[in-house]
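Everything on this sheet refers to the single structure shown next.
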There are 2 protein chains.
Amino acid sequence: MATRNGPRTEPRTPLSRDRVLRAAVKVADEGGIESLTMRRLAEELGAEAMSLYYHVAKKEDVLDGIVGVIAGEINEAVGRIDVPSQGAAWKAAVRQRILTARQVFLRHPWAPRVFETRTDVSPAVVQYFDALIGLMRDGGFSNDLAHHALHALGSRALGFTQEMFDPGDGTGDESAAMLDAMAEQLPHLVGMLREIAHDDPDSTLGWCDDQTEFEFGLDLILDGLDRMRETA
Amino acid sequence: MATRNGPRTEPRTPLSRDRVLRAAVKVADEGGIESLTMRRLAEELGAEAMSLYYHVAKKEDVLDGIVGVIAGEINEAVGRIDVPSQGAAWKAAVRQRILTARQVFLRHPWAPRVFETRTDVSPAVVQYFDALIGLMRDGGFSNDLAHHALHALGSRALGFTQEMFDPGDGTGDESAAMLDAMAEQLPHLVGMLREIAHDDPDSTLGWCDDQTEFEFGLDLILDGLDRMRETA
DNA sequence: GGCCCGAACTTACCTTGTACGATATTGCGC
DNA sequence: GCGCAATATCGTACAAGGTAAGTTCGGGCC
């Protein structure tokens, strides 16, 4: 009765958890995370939705797996870094590591949201953090300070931030008139937006999270930690 | 034909966008954000799912509205604060404001996730940021520095952070044995966890975001900004 | 050949968002 | 009070998506 792909066609590479997860990343890369449905994923693999359940427990499991794949990509990237980290060099080492991890997220703009919604940590992520702690220890951090540092960095440690604030791509347009309208309600905000002219309309990750701002915040924290390290 | 609540029973307070949104917050407070469905929401209001659509455009609109309600709650809370903010006092003023906002999120643990997924900013949130900028200006911040500051704070400006790292509530139990098992794979992490003993198992918001760690990170950033303000 | 079993597939169910049109209710000029 | 338009609510129904259960297929082993 000739199923969709006939019984006697080419053998078709078998599914596997790994293949499923990689396909999931591909689908998300192409159509965004909301396009990732079990049916779409199956289609990508030339299979049926229910066949996936032989390799993953449920959709949550796919999301968990995706985090692992991305974290693996990050670990691979940072693993190639070889710079000194002893003493004062810790800061540059951590900085480079984080910015390298960030590169991966820039390739997968949907990934931050997935990372944030995961409740149990993947081994690959834990591994990443372990190495980061190692660098801090090299710099003379106490375990206590390293712990605080991880919390202080939060998602920034992995290379992304979630911005609460998006000055709506204030590109000329009609927004100038809009600013006038809001000026009395929001004097400080409008004053600020008017002045900063928003002259960097490129490279955003999520909402207004451009490279310059990311590095500003990162350096602010790293500098603060460095001071604590020295006075300890 | 006696509808669910009979045609002649007590008049039932009419729906309204505001009532719908408040009910939505209530449902989320009681059952978590995933329990918030249009049917459940209607039930809470003693109405039918489709009736809600007269007052809100779609579910996304409900989520947007929820953000407004919570932000309103925050604005109300911080509005009662009256402390000096000129010059060096800016830091204490901002600090208090943020920690006050945080109190609201501690009452609605599901809210951070909703805030993060909103793409267009609510007026109430913008208003909150405007006031925050005002405080920084009082402290002598340039508009440029205030802008950087907002990005550096990110969601912390509103009172919450998203932690990427959850040391699994390392309360004694079996986790001690687990630590031994991981010790060689993750030497730095295990060493850290062993030492910090994790002696504060209370007051978490989201993942391991306890008050102490929040304040540590917040102060780290505020102190850094304060230094920049002075040297400017 | 008959049997077992892993892998993939088929069907079908349930939840959830929401379009559409019918119905009920309210406010208001007379 | 009365009728009628505006306002508000409801009932029905469908589509998308996750997934439970049972079924089929093919290849290795006796």
Side-chain angles (χ1 to χ4, degrees), chain A residues 1-24 26-28 30-66 110 113-114 117-119, chain B residues 1-24 27-28 30-67 110 113-114 117-119:
Chain A
M1 55 193 53
T3 54
R4 177 121 76 266
N5 23 15
R8 284 294 132 77
T9 62
E10 79 290 6
R12 174 180 37 183
T13 45
L15 296 178
S16 71
R17 178 179 172 86
D18 195 62
R19 237 165 70 77
V20 169
L21 297 182
R22 289 185 189 287
K26 179 151 181 265
V27 170
E30 288 168 0
I33 192 64
E34 72 285 353
S35 77
L36 180 62
T37 70
M38 296 305 275
R39 292 181 225 264
R40 174 73 190 81
L41 182 51
E43 183 188 344
E44 178 73 26
L45 290 160
E48 296 299 316
M50 289 312 293
S51 303
L52 307 179
Y53 285 86
Y54 197 87
H55 304 278
V56 298
K58 39 194 300 205
K59 192 181 183 184
E60 284 284 291
D61 192 24
V62 174
L63 274 327
D64 285 342
I66 280 181
W110 47 268
R113 242 202 261 309
V114 179
T117 56
R118 291 310 82 199
T119 171
Chain B
M1 61 212 38
T3 53
R4 177 124 75 267
N5 24 15
R8 283 295 131 76
T9 62
E10 80 290 7
R12 176 177 42 181
T13 43
L15 295 177
S16 73
R17 179 177 171 85
D18 196 63
R19 235 164 73 75
V20 169
L21 298 181
R22 289 184 189 289
V27 170
E30 289 170 357
I33 193 63
E34 73 284 352
S35 77
L36 180 63
T37 70
M38 296 306 275
R39 293 182 225 265
R40 173 74 191 79
L41 181 52
E43 183 188 345
E44 178 73 26
L45 290 161
E48 296 299 314
M50 287 315 292
S51 304
L52 307 180
Y53 284 86
Y54 195 85
H55 304 277
V56 298
K58 38 193 301 208
K59 192 181 181 184
E60 283 286 290
D61 191 24
V62 174
L63 274 327
D64 286 343
I66 278 181
V67 168
W110 45 269
R113 240 202 263 308
V114 178
T117 56
R118 292 309 84 199
T119 170

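Heavy-atom basis, side chains included; hydrogens, waters and symmetry copies ignored. Chain letters run A, B, ... following the sequence lines, proteins first and then strands; every chain starts at 1. Everything numeric here is computed off the predicted structure, so don't read it as measured data.
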Specify the separation, in whole Å, of atom [atom1] of [X] and atom [atom2] of [N].
X       : N      : atom1 : atom2 : result
B:Ile33 : C:dT16 : CD1   : C1'   : 15 Å
B:Glu48 : C:dA24 : CD    : C1'   : 13 Å
B:Tyr54 : C:dA22 : OH    : P     : 17 Å
A:Arg19 : C:dA8  : CZ    : C1'   : 13 Å
A:Leu52 : D:dG18 : CG    : P     : 10 Å
A:Arg17 : C:dA8  : CZ    : P     : 15 Å
A:Leu41 : D:dA16 : CG    : P     : 18 Å
A:Glu43 : D:dA16 : CD    : P     : 13 Å

Residues passing the side-chain contact (heavy atoms from CB on, under 4.5 Å) test with B:Glu43, sequence neighbours excluded, are B:Arg40
Q.
Tell me every residue that passes side-chain contact (heavy atoms from CB on, under 4.5 Å) with A:Ala28, counting only those two or more places apart in sequence or in another chain.
A.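 By the side-chain contact (heavy atoms from CB on, under 4.5 Å) rule, A:Ala28 matches A:Ile33, A:Trp110.
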- Message: Check the phosphate of D:dA8 against B:Ser51, side-chain N and O only, distance under 4.0 Å to OP1 or OP2. Yes or no?
- Response: no
Between B:His55 and D:dT9, does any side-chain N or O lie under 4.0 Å from OP1 or OP2?
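So the side-chain polar atoms of B:His55 do come within 4.0 Å of the phosphate oxygens OP1 or OP2 of D:dT9, strictly under.
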Once side chain to side chain donor-acceptor pair (under 3.5 Å) is applied, do any residues pair with [X], and if so which ones, sequence neighbours excluded?
X       : value
B:Glu30 : none
A:Lys58 : none
A:Arg39 : none

Is there any protein nitrogen or oxygen under 3.5 Å from a nitrogen or oxygen in nucleotides 18-21 of chain C, and what are the pairs?
residue: C:dT18; atom: OP2; partner: B:Tyr53; partner atom: OH; Å: 3.0
residue: C:dT18; atom: OP2; partner: B:Lys59; partner atom: N; Å: 2.9

What's the shortest heavy-atom distance between B:Asp61 and B:Val56, and which atoms?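 Taking every non-hydrogen atom into account, OD2-CA, 3.5 Å.
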### Query
Which pair of heavy atoms, one from B:Leu15 and one from B:Ser51, lies closest together, and at what distance?
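For B:Leu15 versus B:Ser51, the nearest heavy atoms are CD1-CB, 4.0 Å.
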Between A:Glu34 and B:Leu15, the residue closer to the 5' end of DNA chain D by nearest nucleotide is B:Leu15
